[in-house]
Amino acid sequence: NAGVTQTPKFQVLKTGQSMTLQCAQDMNHEYMSWYRQDPGMGLRLIHYSVGAGITDQGEVPNGYNVSRSTTEDFPLRLLSAAPSQTSVYFCASILNHQNPSTEAFFGQGTRLTVV
Amino acid sequence: DQQVKQNSPSLSVQEGRISILNCDYTNSMFDYFLWYKKYPAEGPTFLISISSIKDKNEDGRFTVFLNKSAKHLSLHIVPSQPGDSAVYFCAANDGGTSYGKLTFGQGTILTVHP
(Lines give C-alpha, C1' and ligand atoms only; values in the text may rest on other atoms or scores of the structure.)
Protein backbone atom coordinates (compact mmCIF):
# COMPACT_ATOMS: atom_id res chain seq x y z
CA ASN A 1 0.00 0.00 0.00
CA ALA A 2 1.49 3.32 -1.09
CA GLY A 3 -0.78 5.50 1.13
CA VAL A 4 0.22 9.16 0.81
CA THR A 5 3.21 9.82 -1.44
CA GLN A 6 5.07 13.12 -1.52
CA THR A 7 7.71 14.17 -4.02
CA PRO A 8 10.40 15.36 -3.87
CA LYS A 9 11.77 14.43 -0.44
CA PHE A 10 14.33 17.25 -0.49
CA GLN A 11 14.53 20.50 -2.48
CA VAL A 12 16.71 23.58 -2.47
CA LEU A 13 15.34 26.68 -4.15
CA LYS A 14 16.68 30.14 -4.77
CA THR A 15 14.66 33.11 -3.62
CA GLY A 16 12.08 34.00 -6.24
CA GLN A 17 11.94 30.60 -7.89
CA SER A 18 8.68 28.72 -8.15
CA MET A 19 8.02 25.03 -7.70
CA THR A 20 5.32 22.47 -7.07
CA LEU A 21 5.32 19.94 -4.27
CA GLN A 22 3.47 16.84 -5.33
CA CYS A 23 1.09 14.78 -3.18
CA ALA A 24 -0.82 11.70 -4.24
CA GLN A 25 -2.95 9.23 -2.28
CA ASP A 26 -4.33 5.90 -3.40
CA MET A 27 -6.90 5.37 -0.63
CA ASN A 28 -9.79 7.24 -2.32
CA HIS A 29 -9.84 9.74 0.55
CA GLU A 30 -12.07 12.74 0.02
CA TYR A 31 -10.10 15.15 2.20
CA MET A 32 -6.52 16.27 1.60
CA SER A 33 -4.44 18.97 3.21
CA TRP A 34 -1.00 20.53 3.41
CA TYR A 35 0.85 21.42 6.63
CA ARG A 36 4.21 22.97 7.31
CA GLN A 37 6.31 22.08 10.31
CA ASP A 38 8.65 24.63 11.80
CA PRO A 39 10.75 24.39 14.98
CA GLY A 40 8.74 25.35 18.05
CA MET A 41 5.56 25.79 16.00
CA GLY A 42 4.19 22.31 15.47
CA LEU A 43 2.30 21.66 12.25
CA ARG A 44 0.30 24.51 10.73
CA LEU A 45 -2.40 24.10 8.10
CA ILE A 46 -1.69 25.78 4.76
CA HIS A 47 -4.55 24.72 2.48
CA TYR A 48 -7.08 21.93 2.43
CA SER A 49 -9.58 20.30 0.10
CA VAL A 50 -12.79 18.46 0.97
CA GLY A 51 -13.12 16.98 -2.51
CA ALA A 52 -12.16 17.35 -6.15
CA GLY A 53 -12.67 20.92 -7.32
CA ILE A 54 -12.98 22.32 -3.78
CA THR A 55 -10.14 24.01 -1.90
CA ASP A 56 -9.90 26.43 0.99
CA GLN A 57 -7.32 28.29 3.01
CA GLY A 58 -5.89 27.17 6.30
CA GLU A 59 -3.97 29.09 8.92
CA VAL A 60 -0.93 30.11 6.82
CA PRO A 61 -1.94 30.24 3.11
CA ASN A 62 0.04 33.26 1.92
CA GLY A 63 2.58 32.46 -0.80
CA TYR A 64 1.01 29.11 -1.66
CA ASN A 65 -1.56 27.94 -4.22
CA VAL A 66 -3.38 24.64 -4.50
CA SER A 67 -5.79 22.93 -6.84
CA ARG A 68 -7.64 19.60 -6.70
CA SER A 69 -8.53 18.36 -10.16
CA THR A 70 -8.67 14.69 -9.13
CA THR A 71 -9.42 12.82 -5.91
CA GLU A 72 -5.90 11.38 -5.87
CA ASP A 73 -3.70 14.47 -6.31
CA PHE A 74 -3.27 17.68 -4.34
CA PRO A 75 -0.22 19.67 -5.48
CA LEU A 76 1.10 22.66 -3.52
CA ARG A 77 2.60 25.50 -5.55
CA LEU A 78 5.09 28.02 -4.26
CA LEU A 79 4.71 31.05 -6.52
CA SER A 80 7.87 32.96 -5.61
CA ALA A 81 9.91 31.22 -2.94
CA ALA A 82 11.10 33.18 0.09
CA PRO A 83 13.51 32.15 2.87
CA SER A 84 10.53 32.22 5.28
CA GLN A 85 9.14 29.25 3.38
CA THR A 86 12.06 27.08 4.44
CA SER A 87 10.26 24.29 6.27
CA VAL A 88 9.22 20.66 6.22
CA TYR A 89 5.96 20.18 4.34
CA PHE A 90 3.53 17.36 5.02
CA CYS A 91 0.57 16.29 2.96
CA ALA A 92 -2.26 14.46 4.71
CA SER A 93 -5.45 12.72 3.67
CA ILE A 94 -8.59 11.70 5.55
CA LEU A 95 -11.28 9.26 4.45
CA ASN A 96 -14.26 11.06 5.98
CA HIS A 97 -13.68 14.59 7.22
CA GLN A 98 -17.16 14.74 8.78
CA ASN A 99 -16.15 12.06 11.27
CA PRO A 100 -14.27 13.70 14.15
CA SER A 101 -12.41 10.54 15.11
CA THR A 102 -11.17 9.67 11.65
CA GLU A 103 -7.42 9.59 11.50
CA ALA A 104 -5.27 11.57 9.12
CA PHE A 105 -2.64 9.73 7.05
CA PHE A 106 0.51 11.72 6.41
CA GLY A 107 3.14 11.52 3.73
CA GLN A 108 6.84 11.31 4.61
CA GLY A 109 7.37 15.02 4.11
CA THR A 110 9.31 17.32 1.80
CA ARG A 111 12.20 19.25 3.32
CA LEU A 112 12.45 22.58 1.47
CA THR A 113 15.28 25.06 1.84
CA VAL A 114 15.06 28.49 0.23
CA VAL A 115 18.37 30.32 -0.07
CA ASP B 1 -1.71 32.79 19.23
CA GLN B 2 -1.10 29.12 19.92
CA GLN B 3 -4.44 27.45 20.68
CA VAL B 4 -2.85 24.11 21.52
CA LYS B 5 0.28 24.15 23.66
CA GLN B 6 2.72 21.49 24.69
CA ASN B 7 4.91 23.29 27.18
CA SER B 8 7.49 20.53 27.64
CA PRO B 9 9.80 20.38 24.62
CA SER B 10 11.31 17.11 25.81
CA LEU B 11 10.86 14.26 28.27
CA SER B 12 13.29 11.54 29.27
CA VAL B 13 12.07 8.30 30.88
CA GLN B 14 13.54 4.93 31.84
CA GLU B 15 12.27 1.83 30.09
CA GLY B 16 9.39 0.25 32.00
CA ARG B 17 8.38 3.48 33.70
CA ILE B 18 5.40 5.69 32.93
CA SER B 19 5.66 8.52 30.39
CA ILE B 20 3.23 11.41 30.83
CA LEU B 21 2.95 13.95 28.04
CA ASN B 22 0.87 17.05 28.63
CA CYS B 23 -1.15 19.37 26.43
CA ASP B 24 -3.17 22.52 27.14
CA TYR B 25 -5.68 24.25 24.89
CA THR B 26 -7.48 27.59 24.89
CA ASN B 27 -10.29 27.15 22.36
CA SER B 28 -13.51 26.03 24.08
CA MET B 29 -14.94 25.02 20.70
CA PHE B 30 -12.54 22.09 20.33
CA ASP B 31 -14.54 18.90 20.63
CA TYR B 32 -12.09 16.18 19.61
CA PHE B 33 -8.49 15.66 20.63
CA LEU B 34 -5.90 13.43 19.01
CA TRP B 35 -2.32 12.36 19.62
CA TYR B 36 0.11 11.74 16.78
CA LYS B 37 3.54 10.19 16.97
CA LYS B 38 6.39 11.08 14.64
CA TYR B 39 9.69 9.34 13.99
CA PRO B 40 12.57 11.20 12.27
CA ALA B 41 12.23 11.46 8.48
CA GLU B 42 8.67 10.11 8.61
CA GLY B 43 5.24 11.69 8.66
CA PRO B 44 3.13 11.73 11.83
CA THR B 45 1.01 8.67 12.53
CA PHE B 46 -2.22 8.57 14.50
CA LEU B 47 -1.95 7.15 18.01
CA ILE B 48 -5.12 7.71 20.02
CA SER B 49 -8.02 10.15 20.30
CA ILE B 50 -10.70 11.28 22.73
CA SER B 51 -14.03 13.01 22.39
CA SER B 52 -14.77 16.03 24.55
CA ILE B 53 -17.70 14.16 26.10
CA LYS B 54 -15.33 11.62 27.63
CA ASP B 55 -12.61 11.98 30.23
CA LYS B 56 -10.56 8.89 29.44
CA ASN B 57 -9.75 6.66 26.50
CA GLU B 58 -7.47 3.65 26.66
CA ASP B 59 -5.76 1.63 23.94
CA GLY B 60 -3.26 -0.92 25.14
CA ARG B 61 -0.31 0.85 26.75
CA PHE B 62 -1.68 4.27 25.80
CA THR B 63 -4.28 6.21 27.78
CA VAL B 64 -5.44 9.75 27.14
CA PHE B 65 -7.07 11.78 29.90
CA LEU B 66 -9.13 14.90 29.31
CA ASN B 67 -9.94 17.57 31.90
CA LYS B 68 -12.32 19.97 30.16
CA SER B 69 -12.62 22.40 33.04
CA ALA B 70 -8.84 22.85 33.07
CA LYS B 71 -8.58 22.65 29.25
CA HIS B 72 -5.88 20.05 29.71
CA LEU B 73 -5.19 16.62 28.36
CA SER B 74 -2.42 14.13 28.94
CA LEU B 75 -1.10 11.00 27.28
CA HIS B 76 0.11 8.20 29.54
CA ILE B 77 2.34 5.44 28.20
CA VAL B 78 2.74 2.45 30.51
CA PRO B 79 5.15 0.74 30.43
CA SER B 80 7.41 2.89 28.26
CA GLN B 81 9.58 1.13 25.68
CA PRO B 82 12.64 2.34 23.75
CA GLY B 83 10.59 2.10 20.54
CA ASP B 84 8.28 4.79 21.96
CA SER B 85 11.08 7.35 21.54
CA ALA B 86 9.63 9.87 19.08
CA VAL B 87 8.03 13.30 18.87
CA TYR B 88 4.46 13.36 20.16
CA PHE B 89 2.01 15.94 18.88
CA CYS B 90 -1.26 16.84 20.52
CA ALA B 91 -3.95 18.02 18.08
CA ALA B 92 -7.54 19.22 18.24
CA ASN B 93 -10.44 19.94 15.91
CA ASP B 94 -13.71 21.79 16.29
CA GLY B 95 -15.79 20.54 13.39
CA GLY B 96 -17.01 23.69 11.72
CA THR B 97 -16.59 23.15 8.00
CA SER B 98 -14.46 20.08 8.51
CA TYR B 99 -13.07 17.82 11.22
CA GLY B 100 -10.04 17.46 9.02
CA LYS B 101 -8.75 20.86 10.09
CA LEU B 102 -6.38 19.94 12.88
CA THR B 103 -4.68 22.42 15.21
CA PHE B 104 -1.40 21.01 16.49
CA GLY B 105 0.76 21.69 19.50
CA GLN B 106 4.50 22.23 19.21
CA GLY B 107 5.37 18.63 20.01
CA THR B 108 7.26 16.89 22.83
CA ILE B 109 10.35 14.79 22.18
CA LEU B 110 10.13 11.60 24.23
CA THR B 111 13.28 9.62 24.87
CA VAL B 112 12.97 6.24 26.55
CA HIS B 113 16.30 4.92 27.86
CA PRO B 114 16.93 1.15 28.05
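Residue numbers start from 1 in every chain, and the chains themselves are labelled A, B, ... in the order their sequence lines are given, proteins ahead of strands.
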Trainee: Quick check on the interface: out of A/Glu59, A/Arg44, A/Arg111, A/Glu103, who has the most heavy-atom pairs with chain B under 4.5 Å?
Mentor: A/Glu103
Trainee: Fit a plane to each ring of B/Phe46 and B/Tyr36, take the angle between them on a 0 to 90° scale, and name the class: parallel (under 30°), tilted (30 to 60°) or perpendicular (over 60°).
Mentor: perpendicular
Trainee: Measure from the side-chain N and O atoms of B/Asp59 to the backbone N and O of B/Ile48, and report whether any donor-acceptor pair falls under 3.5 Å.
Mentor: no
Trainee: So for A/Leu43, is it side chain, backbone, both, or neither that comes closer than 4.5 Å to the heavy atoms of chain B?
Mentor: both
Trainee: If we ignore hydrogens and angles and just use 3.5 Å, is the side chain of B/Asn93 paired with the main-chain N or O of B/Tyr99 as donor and acceptor?
Mentor: yes
Trainee: Hey, does B/Pro44 have a side-chain heavy atom less than 4.5 Å from the side chain of B/Phe104?
Mentor: no
Trainee: Heavy-atom cut-off 4.5 Å, strictly under: side chain, backbone, both or neither for A/Asn99 against chain B?
Mentor: backbone
Trainee: At a 4.5 Å cut-off on heavy atoms, which part of A/Tyr35 comes close to chain B: side chain, backbone, both, or neither?
Mentor: side chain
Trainee: So do B/Ile77 and B/Leu110 actually touch side chain to side chain, heavy atoms under 4.5 Å?
Mentor: yes
Trainee: Counting only heavy atoms closer than 4.5 Å, note whether B/Gln6 contacts chain A via side chain, backbone, both or neither.
Mentor: neither
Trainee: Between B/Leu102 and chain A, which part of the residue has a heavy atom less than 4.5 Å away: side chain, backbone, both or neither?
Mentor: both
Trainee: Does any backbone or side-chain atom of A/Gln6 lie under 4.5 Å from a heavy atom of chain B? Answer side chain, backbone, both or neither.
Mentor: neither
Trainee: Does the side chain of A/Ser49 reach to within under 4.5 Å of the side chain of A/Asp56, using non-hydrogen atoms?
Mentor: no
